[in-house]
There are 2 protein chains.
Amino acid sequence: MGHEYTMIKTSKVTIKEVAKDAGVSVGTVSRVLAKTAEVKQPLRERVNRSIIKLKYKPNLAARALRANHVNVIGLMVPDITNPYFAQVANLLESEASKKGYALILASSHGDVNHEARQFSALLDHSPKGIVLIPTSDTIKMELPKNIRISILDRPLAEMNAIALDQGKSSALAADHLVELGHRKIAYIAGPHDIQTSIEREAGFSNRIAELQSKNDSIELTIFRGQFDYTSGEAIARDILSLVQSKRPTAIAAASDQQAIGAIRAATDMGVSVPNEVSVIGFDDIVLAELLVPRLTTIRQPVYDMVIEALDQILGRDDSICNQRYMGELIVRSTTAAV
Amino acid sequence: MGHEYTMIKTSKVTIKEVAKDAGVSVGTVSRVLAKTAEVKQPLRERVNRSIIKLKYKPNLAARALRANHVNVIGLMVPDITNPYFAQVANLLESEASKKGYALILASSHGDVNHEARQFSALLDHSPKGIVLIPTSDTIKMELPKNIRISILDRPLAEMNAIALDQGKSSALAADHLVELGHRKIAYIAGPHDIQTSIEREAGFSNRIAELQSKNDSIELTIFRGQFDYTSGEAIARDILSLVQSKRPTAIAAASDQQAIGAIRAATDMGVSVPNEVSVIGFDDIVLAELLVPRLTTIRQPVYDMVIEALDQILGRDDSICNQRYMGELIVRSTTAAV
DNA sequence: ATGTCAATATGAATCGTTTCATTTATATGA
DNA sequence: TCATATAAATGAAACGATTCATATTGACAT
């Protein structure tokens, strides 16, 4: 198994040498490089030949110094090991690289102070823009106005923001469970200080309230935790240890990770999913389809949202735009009729 | 819920203004900034006061132009949604940021040509170094010698490389299954063109061969696929559709994702894990502990490996170093005695 | 008081681009 | 054919930091 790599000497070819080789001025070479500017055909070709011949590659630092920004986009996530954020990173990296932008990844690790520091460090790199998934609604950092920011997944007013219509999307889960005949329902909410989380919870409980007006036997209990696996597991454990008569027949979670934790707990306690308790998640992370059993959930149109974020950052129109998307119910195997 | 952010005007404070404010030369300010150089106490303080007063922040692009490199580390992974690579990214980002380095994330999406292009783009950003998890053993790109490269998870000779002793670690899985009494064993291997994959397979089958010399009733069948979920699922489906008498009682996989896919398949086919078939994975991704049932696997010391990679890039010693680590057997609930 | 040496501070050159004010070449119309 | 308008190419300044050769200062010995 031979390794096919070659060592190269550090090519230190500058625009000046290209200019000399082609017998033109540096300005002309620069204008050939910036495809938009006018250079006549013969000269342009001569320059291009020299560029290829000398293997010239522009120095991004010099360019950045002049232009005041680099072809780089920043992405700040609370935690890259969260499959939902990893998926965002994956799509963003892929789409950005198609357009010639690199991605700087920063993680707030769920800490607002660390987030502020990381954000400031990100800014120092003069990126073209930053896609920010805030760790909570209280943002501690100062937002620059020369660098475009697109807030993902957390609707902040007066900013470029992209998020689900959390309320309506969450209502889909409520509808689904009630249609299946569930009348005792538990909801595992996310943290109180995140708007997204509040909206999901409100959307769910409001829809249940509507349905109650037609069918007053529906009971809803709300529990609150973090968005992660362990929180879902702990809460589900509480829920399922209620006596049979009071125990809910369905659990809706504000995230797939909570739902996965809940299934984990149910299985440990000998409660069968979906026979004895139905579980529905939120996000549709890749894993949802690979679980045993496969997870019923609400899918976010992540691809569309990432494309929109990129557009808010790279597009020429810098008007503020607050987009809302609609979730989609994906029925799999963790929900069933009572 | 008030949003606590403030808009700031683009502070365009340069070293020159700091110098003027403090009444010193730009050179002096620069030397105050570079903590190492000698500037006498009173002056140094005066400069520092001005820096704080004017909120001066150095321009990284200008610095990069002079110094020929940026405080940035590149990371190239085959796929960031793979939980193992996400964990590497998470740790690397975290450790690098402690040392003042940002992380540029690039993904090869499993394509060697794309990998080469992305690598070259990474190089253009003049990072201090690059941590590379190659998508296969045949590297198509030219490796620079002025930028340090640390190859993770794929041992390439004559390069800084960090990897598990795949063979010995894999043998742990073989030992475990045989100790549990399994005599008909299937192995789901990874792709043929990755050294890592070959070594894991060889380590497993060699250990089985050793054990056969004492106990000739052990049978091993090897199947080959990709490292991902779906490949594991498809192969497991083949394995488990064998007639009862020929069907293996244990499946060892070359990755946790394959193992998860295999459990998925078993469950779909009504084969109980671990009662009717044991499954063991490799990597110990975060998810392994959250699955139902929890996955028995071989853990990689990812943290140690990431620290070592950073050291190979940032450390002062630029001798080539080819480190091997040992995996650890983590027994959970997907393996049981026959 | 003067010369010497070391310790500090200075300022100009430099890194590799882009861009803008000029100059030079080309085409158009009278 | 010449003046004029337009297009194309040039060259130097600028971006903001670092660094090195030079200048300044102060202390000490003569």
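Quick note: numbers below take in every heavy atom, side chains included, and nothing from hydrogens, waters or symmetry partners.
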Criterion side chain to side chain contact (heavy atoms under 4.5 Å, CB included) on Glu93(A) and Leu75(A), from CA distance to verdict = CA-CA 9 Å; Glu93(A) 188 274 340; Leu75(A) 169 65; over 6 Å; no
In whole angstroms, the gap separating P of dG16(D) from CG of Asp124(A) amounts to 14 Å
From CD of Gln41(A) across to P of dA9(D) the rounded distance in Å is 11 Å
With sugar-phosphate taken as primed atoms, P, OP1 and OP2 and all else as base, the protein-contact string of nucleotides 9-21 of chain C at under 4.0 Å (heavy atoms; B, S, -) is BBBBBBBBBBB--
message = Please give me the minimum heavy-atom distance between Thr14(B) and Tyr56(B), naming the atom from each residue.
response =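 Heavy atoms only, the tightest pair is C-CE1, 3.7 Å.
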Which pair of non-hydrogen atoms, one from Leu103(B) and one from Leu92(B), has the smallest distance, and what is that distance?
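So the two residues come closest at CD1-CD2, 3.6 Å.
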Note to self: Please tell me whether Ser50(A) and Lys20(A) have a donor and an acceptor in their side chains that are separated by less than 3.5 angstrom.
What the structure shows: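 Side-chain D/A pair, Ser50(A) to Lys20(A): absent.
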ask   = Does Lys128(B) NZ have over 12 foreign heavy atoms under 6.0 Å away?
value =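 Correct, the count exceeds 12.
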